[in-house]
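Computed from a prediction, not measured in an experiment: that's the story for all the values here.
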Amino acid sequence: MPGFARLDDADPCACGSGSSFGDCCARALRGTPPATAEGLMRSRYTAFVVGDARHLRETWHPGTRPEDLVLDPATEWRGLEVVDTVDGLPGDRRGWVEFHARHRDGTVDGVLHERSRFVWQSGRWWYLDGAVR
């Protein structure tokens, strides 16, 4: 069983931004809300990689958040590609981010293709939900 990844600040960020983990998603996972919907989406992907269910729950809009969230350590997240973004910048009220997230479950490779919805509320971005494609 692969388990969750452990990232040090100097490691490349799991979200594929090209920045180090410490200069990228670590900030969000440690409590600094991202300035854009895409930044939030990238930090949520990284939370899946490292097994940070707390970050996922805290960034999921309370109106759509599930009661329970259990991450499967057998799922190995292997890469993120942002396909498209619509709005989701500072000053916007809503944003959409479409992405492909590669993963492996045991010996089976797969790709999650989702178009996620985000909303700016209470001074920060929240994940609302996503349409799997």
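Residues in residues 25-51 take part in these salt bridge (Lys or Arg N to Asp or Glu O under 4.0 Å) pairs, two or more places apart or across chains: Asp9-Arg30, Asp23-Arg27, Glu38-Arg42. Listed by first and then second residue, the salt bridge (Lys or Arg N to Asp or Glu O under 4.0 Å) pairs that reach into residues 118-133 are Arg117-Asp129, sequence neighbours excluded. Residue pairs meeting the salt bridge (Lys or Arg N to Asp or Glu O under 4.0 Å) criterion with at least one member in residues 53-70, sequence neighbours excluded, are Asp52-Arg54, Arg54-Glu58.
Counting heavy atoms from C-beta outward, Pro12 and Ser20 have side chains that stay 4.5 Å or more apart. In this structure, the side chains of His100 and Leu112 stay at 4.5 Å or more apart for every pair of heavy atoms. Between Arg78 and Asp109, some side-chain heavy-atom pair lies under the 4.5 Å cut-off. The shortest side-chain heavy-atom distance between Thr85 and Trp96 does not fall under the 4.5 Å cut-off. Side-chain contact check for Glu81 versus Arg102: every heavy-atom pair is 4.5 Å or farther apart. Annotation: side chain of Val86 is not in contact with side chain of Val97 (no heavy-atom distance under 4.5 Å). With contacts defined as side-chain heavy-atom distances shorter than 4.5 Å, the pair Phe99/Leu80 qualifies. Contact of the Trp126 side chain with the Pro62 side chain is registered, since non-hydrogen atoms from C-beta on lie closer than 4.5 Å.
Linking ILVMFWY residues whenever their side-chain heavy atoms come closer than 4.5 Å, directly or via other members, leaves Leu128 and Phe118 in distinct clusters. Transitive grouping of hydrophobic side chains (ILVMFWY, heavy atoms separated by less than 4.5 Å) keeps Tyr45 and Val111 in distinct clusters. Under the 4.5 Å side-chain heavy-atom criterion for Ile, Leu, Val, Met, Phe, Trp and Tyr, Leu89 and Trp125 are members of distinct hydrophobic clusters. Taken together through direct or relayed side-chain contacts under 4.5 Å among Ile, Leu, Val, Met, Phe, Trp and Tyr, Val132 and Leu71 form part of one hydrophobic cluster.
When all heavy atoms of Trp77 and Val49 are compared, the pair lying nearest together is CB-CG2, 3.6 Å. Heavy atoms only, all atoms of each residue included: Gly130 and Glu114 are closest at CA-OE2, 3.5 Å. Between Cys24 and Ser19, the shortest heavy-atom contact is CB-CB, 4.0 Å. When all heavy atoms of Ser43 and His55 are compared, the closest pair comes out as OG-NE2, 2.9 Å. A pairwise comparison of heavy atoms in Thr46 and Phe21 identifies CG2-CE1, 3.8 Å as the closest pair. Here the closest heavy-atom approach between residue Leu7 and residue Ala14 is recorded as CD1-CB, 4.0 Å.
Atom OG1 of residue Thr36 and atom CG of residue Asp87 lie 12.0 Å apart, to the nearest 0.5 angstrom. Separation of atoms CG (Asp84) and CZ (Arg115) is listed at 7.0 Å; rounding is to 0.5 Å.
Donor-acceptor pairing under 3.5 Å is recorded for the side chains of His61 and Gln121.
A donor-acceptor pair is defined here as one N or O able to donate and one able to accept, closer than 3.5 Å; no such pair exists between the side chain of Asp8 and the backbone of Ala10.
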**Item:** Residue pair Met41, Val82: steps toward the side-chain contact (heavy atoms from CB on, under 4.5 Å) verdict
**Value:** CA-CA 9 Å; Met41 188 279 308; Val82 174; 3.6 Å; yes
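The residue from Val50, Thr59, Leu56 that alone fulfils the side-chain contact (heavy atoms from CB on, under 4.5 Å) condition with Leu29 is Val50.
Ring-centre distance between Tyr127 and Trp60: below the 6.0 Å cut-off.
A salt bridge is absent between Arg94 and Asp92: the closest approach of a Lys/Arg side-chain nitrogen to an acidic carboxylate oxygen does not fall below 4.0 angstrom.
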